[in-house]
Amino acid sequence: MNDWVEACTAGDIDEEDVMRFDHAGRTYAIYRSPEDEYFATDGLCSHEKVHLADGLVMDDIIECPKHNGRFNYKTGDARGAPVCVNLKTYPVKVDAGKVLIQVG
């Protein structure tokens, strides 16, 4: 199953920001980089399952709002304690102003 799902419109996310997207019982985080590119990861921190959309985005890092663990949202790599498990990332494309992620 490699379905592309509309998550939002390109204008819904400010540069260097993140938003939550729920689909089919899963939570995703959609990011817009300072370079105006879009990315998607699992929406819950791998440490304590807190919503990453409530966190702080700086450059290519998302910081979890609960214990300040950090991930590179472009690669999913865990970058700071207490997180040690990487996030899953998902392909993203923008088509006609709509941000689509590939789920499955």
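No experiment lies behind these values; they were computed from the predicted model shown. Along the sequence shown, residues carry numbers from 1. What you see below is based on every heavy atom in this structure, not just the backbone, and it leaves out hydrogens, waters and symmetry mates.
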Chemist: Hey, any chance Y73 and V83 share a hydrophobic cluster, counting ILVMFWY side chains that come within less than 4.5 Å of each other, even indirectly?
Modeler: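 Per the 4.5 Å side-chain linkage, Y73 and V83 are co-clustered.
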Chemist: State whether R79 and E63 are salt-bridged, where the test is any N-O pair (Lys NZ or Arg NE/NH1/NH2 against Asp/Glu carboxylate O) under 4.0 Å.
Modeler: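 A salt bridge is absent here (no side-chain N lies under 4.0 Å from a carboxylate O).
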Chemist: On a heavy-atom basis, which atom in A53 and which in M19 lie closest, and how many Å separate them?
Modeler: CB-C, 3.8 Å
Chemist: Hydrophobic cluster membership, with links at side-chain heavy-atom distances under 4.5 Å among I/L/V/M/F/W/Y: are V94 and V5 in one?
Modeler: yes
Chemist: Rounded at 0.5 Å granularity, tell me how far OG1 in T75 sits from CG in N86.
Modeler: 7.0 Å
Chemist: If we only count heavy atoms from C-beta on, is the L44 to V50 side-chain gap below 4.5 Å?
Modeler: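 Counting from C-beta outward, L44 and V50 never come under 4.5 Å.
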Chemist: Provide the closest heavy-atom pair for C8 versus I30 in the form atom of the first, atom of the second, distance.
Modeler: SG-CG2, 4.5 Å
Chemist: Hey, could you give me the CZ/CD1 distance between F21 and I13, rounded to the nearest 0.5 Å?
Modeler: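 Going from CZ on F21 over to CD1 on I13, the span is 10.5 Å.
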Chemist: To the nearest 0.5 Å, tell me how far I62 CD1 sits from T41 OG1.
Modeler: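 Interatomic distance, I62 CD1 to T41 OG1, rounded to 0.5 Å: 7.5 Å.
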Chemist: Rounded to the nearest 0.5 Å, what separation is found between the CG atom of L87 and the CG atom of D42?
Modeler: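 Between atom CG of L87 and atom CG of D42 there are 6.0 Å.
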Chemist: Got a second to check how far Y28's OH is from R20's CZ, nearest 0.5 Å?
Modeler: 12.5 Å
Chemist: Test salt bridge (Lys or Arg N to Asp or Glu O under 4.0 Å) on R26 and D22 and set out the steps.
Modeler: CA-CA 6 Å; R26 293 193 57 132; D22 295 315; over 6 Å; no
Chemist: May I ask you to check whether Y31 and Y38 place their ring centers less than 6.0 Å from one another?
Modeler: no
Chemist: Identify the two heavy atoms, one from E6 and one from L100, that lie closest to each other, and give their separation to 0.1 Å.
Modeler: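 Between these two residues, the closest heavy atoms are CA-CD2, 3.4 Å.
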Chemist: Does R32 form a side-chain contact (heavy atoms from CB on, under 4.5 Å) with E16? I'd like the steps, not just the answer.
Modeler: CA-CA 6 Å; R32 184 174 173 188; E16 220 170 2; over 6 Å; no
Chemist: Taking all non-hydrogen atoms of both residues, which atom of A40 and which atom of I101 are closest, and how far apart?
Modeler: CB-CG2, 3.7 Å
Chemist: So which heavy atom on S33 is nearest to which on F39, and how close?
Modeler: CB-CE1, 4.0 Å
Chemist: Distance check, rounded to the nearest 0.5 Å: C45 atom SG versus H51 atom NE2?
Modeler: 11.5 Å
Chemist: If every non-hydrogen atom of G55 is compared with every non-hydrogen atom of V18, which pair is closest and at what distance?
Modeler: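 Nearest heavy atoms, G55 then V18: O-CG1, 4.3 Å.
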Chemist: Write out all pairs satisfying salt bridge (charged side-chain N to carboxylate O under 4.0 Å, His left out) with one or both partners inside residues 46-59, taking only residues at least two apart or from two chains.
Modeler: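 Sorted result for residues 46-59: E48-K66.
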Chemist: Pairing donors with acceptors under 3.5 angstrom, does anything connect the side chains of D60 and N72?
Modeler: yes
